[in-house]
Amino acid sequence: MERSNQQVAGVLAFMGQLLEIKGENVFKIRAFYRASDIVERLARPVAGMDEHELDQIEGIGKNIAKKIIEIVTTGTCAELEELKSEIPTHLIELLKLEGIGPKTVAILWKKLGIQSIDDLEREAKGHRIRAIKGFGEKKEEIFLASIAHLRKEAGRMNRFEAEAVVEKVSPAMTPGTFEVAGSFRRGKSTVGDIDIISTERPSVLNPKIRQIAEAMIDEGDRKTSFRILSRRVDIRFSRPEQFGSMSLYLTGSKPFNIRLRELAITKGYKISEYGIEERDTGKLVEFSTEEDMFAFLGLPYIPPELREDWGEVERARANDLPKLVGQSDIRGDLHVHSDWSDGRTPIGKLAETGALMGYDYIVCTDHAPRTHIMHGLDPDKIKERAHEIEVANRSSRCRVLEGIEVDIMSDGSIGLSDAVLADLDFVIASIHAGFREERDVMTRRILGAMENENVDVIGHPTGRLIGQRTGYEVDLSRVIELAARTKTALELNASPYRLDLDDMYVKQAVDTGVKIAIGTDAHQSGELSEMRYGITTARRGWCRPSDVLNTMSAESLLEWAG
DNA sequence: GCCGTTTTCGGCCCGACTGTTTTCAGTCG
């Protein structure tokens with residue numbers, strides 16, 4: 001059986017971790033991590049590509065190309081097997097601990113035989129760590145604190161949780177003196193920690209932070225780190241004249257920063273968070289805005305959502321960045337539930353809210369029956385609902401379209417007859433049950449649904465719930481390929497609990513010519529405002545307005561849906 | 001391990017903070 005890109009990427013990253021513990025050349029390690037990222041987000045399956053094709057991809061050379069081919073066919077490769085014979089593979093769990101890196105893991109293993117977090121806890125509590133040269137009492141404390149933190153940590157935050165942390169920190173800071181940067185600003189669907197730039201004086205802000213922090217991690221004049229709501233917050237202090245370079249640095253991503261700094265080197269510059277230094281003269285040029293700094297480098301402004309080193313720097317150099325979709329391009333919401341199924345808001349009120357959002361239309365996609373969710377609409381109810389939609393449309397500026405969200409059954413068939421579906425304006429087909437099937441079975445179910453010509457959109461295509469459920473196993477490469485052939489759109493579910501498809505797959509879909517349907521999946525009128533999370537994720541997936549169904553007029557949408 | 005309008009060898013982003021230190025390694029972002 002051939003391995004998917006996700007599986008190959010996983011093996012490459014695993015090799016990177018083992019090489020780190022082994023103490024290999026850091027640039028070799030970086031090459032493995034980079035190759036892992038590249039394979040994961042590649043629109044084409046690596047299975048079936050030959051060595052030459054793989055080698056053509058920037059960041060993948062002859063050596064890793066050979067390994068990828070081995071991994072595709074066998075699931076492993078010779079070098080990995082050799083590494084596994086040298087290093088206990090479960091050592092990598094220790095890398096998850098904050099403050100513990102590969103060097104420390106290797107020493108703990110070689111000196112004390114520590115192979116797991118439980119081993120480390122026992123040795124630290126027994127005060128046996130301090131016997132190792134270069135380690136002391138304080139290290140034992142740090143290790144135990146890291147273990148405690150890891151055990152209670154809930155993983156990465158969803159957007160709501162991240163916003164809650166920002167809300168909690170904000171009162172300690174003077175309005176207008178700070179900006180949230182990092183993955184929060186890049187709009188990632190999950191956020192690891194909160195990064196903030198402050199122009200206040202450290203001597204003023206640090207004491208206030210001590211007041212609100214649950215624990216201080218670092219405290220300095222340039223940088224302060226602490227924990228609040230059990231989450232890590234990093235603050236970097238900056239003068240307003242250097243705000244642009246600090247903002248660029250702290251927004252990242254790390255690979256983007258590296259790429260930009262490499263580019264600067266070729267032009268004779270050195271970039272840091274303080275500005276751009278001319279190599280020859282040593283003169284530091286300061287920038288109060290990011291725009292000025294990009295301009296100095298001869299680049300157009302690269303929006304934060306694109307800063308992932310997914311090719312945006314090269315496109316910027318060629319002045320060929322995509323014009324990204326924005327809130328003002330959105331003319332409707334494609335996934336809304338009313339009180340006819342499991343929503344709480346009547347159709348009339350939804351239309352009013354849609355009008356307030358500035359929409360031309362919303363698509364009312366109540367559930368069809370036969371789902372475990374109550375109140376599914378049978379054909380009779382669909383007719384009754386049609387009447388209410390008609391009444392609402394007489395008085396509303398925002399038109400309500402007649403849609404349905406129908407289940408994809410275990411055999412890939414659809415939970416309503418074709419005759420009923422054909423009468424509706426818009427059909428979303430989603431999986432709501434049978435999540436545990438094997439990858440191939442799940443994939444065939446979705447492919448089957450797409451073959452039904454009445455199906456316009458596949459809803460929340462991976463079924464993930466951020467922080468709760470990883471989603472079912474599905475080969476998205478095959479789904480995207482068939483979506484392009486059958487002209488089926490893929491949903492970008494805008495709920496911060498889903499954001500499904502995620503950015504990387506949105507980009508793969510768009511690169512393959514598949515349309516994206518952004519829907520809030522709102523179950524009450526207030527949730528229509530969650531569209532903004534969907535738009536941000538679409539931007540992260542390089543969506544132009546023309547890639548997104550919601551930018552169509554109601555007439556064009558109806559025509560597209562047939 | 002990857003890469004190349006100065007290179008097929010010799011580079012590979014840059015800086016802050018801590019602990020255990022007599023000058024720095026490790027980790028992190």
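Note that the coordinates shown come from a computational prediction; the quantities given were computed from them, not determined experimentally. Reminder, nothing fancy here: chain letters follow the sequence lines and each chain counts from 1.
With P as the reference atom, B:dG15 and B:dT23 are 24 Å apart, rounded to whole Å. Nucleotides B:dC3 and B:dA16 place their P atoms 31 Å apart, quoted to the nearest Å. B:dC2 and B:dT6 have their P atoms separated by 23 Å, with the value rounded to a whole Å. B:dC13 and B:dG29: their C1' atoms are spaced 12 Å apart (whole Å).
Read 5' to 3', the first and last nucleotides of DNA chain B with an atom closer than 4.0 Å to a heavy atom of chain A are B:dG1 to B:dG29.
Remark: B:dT8 base-pairs with no nucleotide in the shown strands. Criterion, Watson-Crick or G-U wobble with two distances under 3.5 Å.
As judged by a 4.0 angstrom heavy-atom cut-off over every strand, A:K67 is placed among residues touching the sugar-phosphate backbone only.
Heavy-atom distances to DNA chain B give each of A:R261 and A:K138 a nearest nucleotide, and the one nearer the 5′ end belongs to A:R261.
In terms of the ring pair (Phe, Tyr, Trp, His ring centres under 6.0 Å) criterion, residue partners of A:Y533 (sequence neighbours excluded) are, by chain and number, A:F160. For A:S4, the side chain to side chain donor-acceptor pair (under 3.5 Å) criterion is met by A:Q7, A:R439, not counting sequence neighbours. In this view, A:S203 and A:R201 satisfy the side-chain contact (heavy atoms from CB on, under 4.5 Å) rule, not counting sequence neighbours. Residues satisfying the side-chain contact (heavy atoms from CB on, under 4.5 Å) criterion with A:D440, sequence neighbours excluded, are A:R444, A:R478.
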Kindly list each side-chain donor-acceptor pair under 3.5 angstrom involving residues 39-46 of chain A, sequence neighbours excluded, with atom names and distances?
residue	atom	partner	partner atom	Å
A:R41	NH2	A:D309	O	3.3
A:R44	NH2	A:E53	OE2	3.3

